[in-house]
Each structure stands twice: as structure tokens, then as C-alpha cells.
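Everything on this sheet refers to the single structure shown next.
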There are 2 protein chains.
Amino acid sequence: MNDKKDQIAISEILSKAGVNPTAQRIAVFKYVHNESDHPTPEQVKVAVDRVFPKISLATVYNTLNALVEAGLVKAVKLPNSGKVCYDANTAKHYHFIDEKQGLLLDLDLKDIKIDLNLSTQFEVKDVDVFIKGHYSG
Amino acid sequence: MNDKKDQIAISEILSKAGVNPTAQRIAVFKYVHNESDHPTPEQVKVAVDRVFPKISLATVYNTLNALVEAGLVKAVKLPNSGKVCYDANTAKHYHFIDEKQGLLLDLDLKDIKIDLNLSTQFEVKDVDVFIKGHYSG
DNA sequence: TTAAAAATATAGAATTATTCTAATGTGGGT
DNA sequence: ACCCACATTAGAATAATTCTATATTTTTAA
Ligand SMILES: [Mn+2]
Ligand SMILES: [Mn+2]
Ligand SMILES: [Zn+2]
Ligand SMILES: [Zn+2]
């Protein structure tokens with residue numbers, strides 16, 4: 001039953017963002033939004049397959065791109081591995097990467113203070129920060 | 001003649017770093033180090049081809065990887081486009097990206113002050129910063 | 001000096017991630 | 001029920017990189 005409620009809530013989020021809430025799209029967004037943390041497209045495929053066995057990989061990619069387009073998720077390209085993952089946290093935030101453990105953790109804005117002293121030729125639109133190291137948690 | 005001097009200087013740099021200075025490797029590093037700014041492997045191939053017409057793309061990749069291994073260049077994977085480029089500036093520095101114009105500019109450490117307030121669970125080894133925006137130069 | 005050994009370079013095949021294509025399916029409005 | 005726009009699908013195409021097997025060059029040492 002909780003599942004049904006989830007679906008309805010998800011459905012509404014998609015609709016409001018202008019994404020037609022098809023069954024496949026609901027399943028993809030539900031996974032990215034509620035059930036995972038920074039998954040790759042392949043992880044999304046595997047997870048959604050468990051409940052929706054015939055989804056095509058193209059649909060996973062199409063849907064993820066549509067969700068990015070609609071501003072519901074962000075694509076994060078990791079600076080070293082180059083792997084892409086999808087981030088349900090659309091608020092501005094930074095990332096901590098523990099490559100050894102394969103971890104990608106969100107860092108709150110307030111934990112990182114950035115002071116730019118750039119000449120006026122640089123019109124800043126966005127700042128990406130990746131902190132790399134070891135996480136012992 | 002200047003060319004000859006360059007080659008000798010480059011040759012010494014490679015040797016010191018433990019990379020056997022073959023003609024192909026000298027040509028690749030000379031381009032990355034002296035004649036370009038953040039080139040991609042494909043750009044390296046095109047440039048080196050002009051002077052060394054039979055170099056194979058595999059050799060370009062092998063050489064770039066060897067140079068990274070030896071610490072003579074850094075590979076930079078751009079966070080949005082995902083394109084890789086090679087950076088002869090091995091000092092710690094940050095990057096400004098103007099995607100519209102296809103620009104990648106070095107930013108000096110002193111122009112960006114970063115204050116981390118992370119809990120002790122986070123052992124920081126490296127910080128990557130990409131500033132995105134528009135450059136009017 | 002020569003011949004084996006080691007290192008490097010080469011061409012093209014293989015791999016991986018992603019996008020494209022063309023055909024098929026689906027649901028809401030008539 | 002019938003359209004039609006939209007979505008989904010399977011598989012082909014593309015692009016970046018790595019791998020493989022062969023050829024070439026350089027080094028070593030008899
Ligand atoms: Mn991930
Ligand atoms: Mn570049
Ligand atoms: Zn995140
Ligand atoms: Zn740089």
C-alpha cells in the first residue's frame with residue numbers, strides 16, 4: 001500500500017515538472033529519488049528490472065535525460081572515473097568521493113566555504129567541488 | 001635549431017621522470033607541454049601527426065597514460081562534457097570552464113580560498129574545483 | 001659484430017557507455 | 001472503435017578508450 005502511495009506522490013512530482021508519468025518513468029524516478037543514492041544508469045536498469053522486467057536500457061537513458069531536463073535530478077560526472085551518476089538531491093551541494101570504497105557522499109553547502117577572487121572577466125555561473133579522500137564511517 | 005634544443009630539454013625531462021624518451025613520446029610531450037593548452041588525445045594525435053605522420057592513436061593514448069603515470073601531466077575529466085584533456089600544469093590549480101566557447105582556463109590557487117569544515121570522518125586527500133561560467137577576454 | 005632479448009609502436013579488433021533508428025505499442029480524446 | 005501524439009523497444013550506430021597480436025627498434029651481451 002505504501003508502494004501505491006509512493007507511486008501517486010511520484011506521479012504528481014513528474015506531472016508538475018512537465019514529465020508525463022508513465023509506468024516506466026515512475027519506476028525510474030522512484031528508484032533514483034527514494035531508494036538509492038547517486039546510482040548509475042546501469043544500476044537504475046538493474047533495480048527497475050526487478051519490478052518492471054521489460055524496460056529497455058534506452059528507456060532508462062531517455063528517462064534519466066528527461067528527468068535532468070525537467071530539473072528533477074542532476075547528472076554528476078565524476079572527475080576521475082568519468083562515471084556518470086544521477087543525483088536526486090537537486091539543491092546545490094558538493095560531493096565527497098572515496099574511490100577506494102566506491103563512495104559518493106553529499107556535502108552540505110555550509111561545510112564548505114568558497115571565496116572567489118576572480119577578475120571581472122570571469123562571470124561565474126556555477127561551482128563544482130569534488131573532495132577526494134577516505135571516509136571512515 | 002630551437003626545435004633541436006626543445007627536443008633535448010624534453011628528452012631530459014622524460015628521462016628524469018623514468019620515461020624512455022622515444023621520438024613519439026618526445027613529440028607528444030612537446031606538444032602537451034610547450035605548444036598547447038589542455039588538449040584532448042585527438043588533438044594531440046592531429047598535432048603530432050603534422051610532424052610525425054605515422055604515429056598510431058594507441059601510441060598517443062599509451063604515451064599520455066605513461067606521462068600521467070610518471071607525474072609529468074595530469075588528466076582532467078571535465079565534469080559536464082565528460083571529455084578528457086591533458087594538463088601540463090602539474091602544480092595544484094583549479095579550472096574555469098566556459099562551455100559555450102569551449103574554453104578551459106587555469107585558475108591560480110590564490111584566487112580561490114576554500115575552507116572545509118568537515119567532521120573527522122572525512123580524511124581529505126585532494127580537492128577538485130571547476131568553476132563554470134562565461135569568460136570575456 | 002652479431003644475435004638474442006627487451007622495449008616500443010603499430011593496425012585493427014574489442015569493449016564500454018551512450019545515442020540513434022525504425023518499428024511497435026499505448027492511452028486519452030473524438 | 002479510431003486517431004494520433006507520445007512513449008517504448010530492440011538492436012544498430014557512434015565515440016572514446018583499451019586490448020591484442022604483430023612488427024619494428026633499441027639494448028644487451030656473447
Ligand atoms: Mn554512483
Ligand atoms: Mn581540452
Ligand atoms: Zn549529491
Ligand atoms: Zn590546468
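Just so it is clear: chains get the letters A, B, ... in the order the sequence lines come, proteins before strands, and each one is counted from 1.
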Problem - Pairs satisfying side-chain hydrogen bond (donor to acceptor under 3.5 Å, both in side chains), at least one member in residues 57-68 of chain B, at least two apart - result: none

Fill in the blank from the handout: When rounded to whole Å, the CD to C1' distance for the pair B:E69 and D:dT18 reads 15 Å

Exercise for the section: Classify the side-chain pair B:D108/B:H93 by whether it contains a donor and acceptor separated by less than 3.5 Å. Expected result: no

Handout entry: For atom CG of A:L64 and atom P of D:dT8, their distance in whole Å
Key = 12 Å

Just the atom pairs and distances: protein N or O near nucleotides 20-28 of chain C's N or O, under 3.5 Å.
none

Completion exercise
Sequence neighbours excluded, the answer for side chain to side chain contact (heavy atoms under 4.5 Å, CB included) partners of A:K30 is A:D3, A:D6, A:Q7, A:I10, A:N34, A:E35

Exercise for the section: Using side chain to side chain contact (heavy atoms under 4.5 Å, CB included) as the criterion, list what pairs up with B:A17, not counting sequence neighbours. Expected result: B:A70, B:L72

N/O-N/O pairs, protein side and nucleotides 13-16 of chain D side, under 3.5 Å:
none

All N/O donor-acceptor pairs, side-chain side in residues 19-29 of chain B, below 3.5 Å, sequence neighbours left out:
{"residue": "B:T22", "atom": "OG1", "partner": "B:R25", "partner atom": "N", "Å": "3.2"}
{"residue": "B:R25", "atom": "NH1", "partner": "B:N20", "partner atom": "O", "Å": "3.0"}

Fill in the blank from the handout: Atom CG of A:N65 and atom C1' of C:dA17 are separated, to the nearest Å, by 12 Å

Completion exercise
To the nearest angstrom, the NZ-P distance between A:K77 and C:dT18 comes to 7 Å

Handout entry: Atom-to-atom span, CG of B:L14 to P of C:dA7 - whole angstrom
Key = 18 Å

Distance-only donor-acceptor pairs under 3.5 Å for side chains of residues 117-129 of chain A, two or more places apart:
{"residue": "A:S119", "atom": "OG", "partner": "A:Q121", "partner atom": "N", "Å": "3.3"}
{"residue": "A:S119", "atom": "OG", "partner": "A:Q121", "partner atom": "OE1", "Å": "3.1"}
{"residue": "A:D128", "atom": "OD2", "partner": "B:K132", "partner atom": "NZ", "Å": "3.2"}

Exercise for the section: Establish, from distance only, whether the side-chain atoms of B:H38 and B:N89 form a donor-acceptor pair under 3.5 Å. Expected result: no

Handout entry: Euclidean distance, atom CG of residue B:L57 to atom P of C:dA13 [Å, nearest integer]
Key = 14 Å

Completion exercise
So ring-ring contact (aromatic ring centres under 6.0 Å, His included) across residues 40-60 of chain B, not counting sequence neighbours, yields none

Practice task
Could you tell me whether the phosphate oxygens of C:dA9, OP1 or OP2, come under 4.0 Å of any side-chain nitrogen or oxygen in B:S56?
Solution key: no

Handout entry: side chain to side chain contact (heavy atoms under 4.5 Å, CB included) partners of B:E69, counting only residues at least two apart
Key = none

Handout entry: Nearest-angstrom distance from the residue atom CZ of B:F52 to P of C:dA9
Key = 8 Å

Completion exercise
By ring pair (Phe, Tyr, Trp, His ring centres under 6.0 Å), A:H134 pairs with (sequence neighbours left out) none

Practice task
Under the side chain to side chain contact (heavy atoms under 4.5 Å, CB included) rule, collect the residues that match up with B:K45, sequence neighbours excluded.
Solution key: B:E42, B:D49, B:I55, B:L57, B:V60

Completion exercise
Under a 4.0 Å heavy-atom cutoff, the residues of residues 19-27 of chain A touching DNA chain D are A:N20, A:T22, A:Q24, A:R25

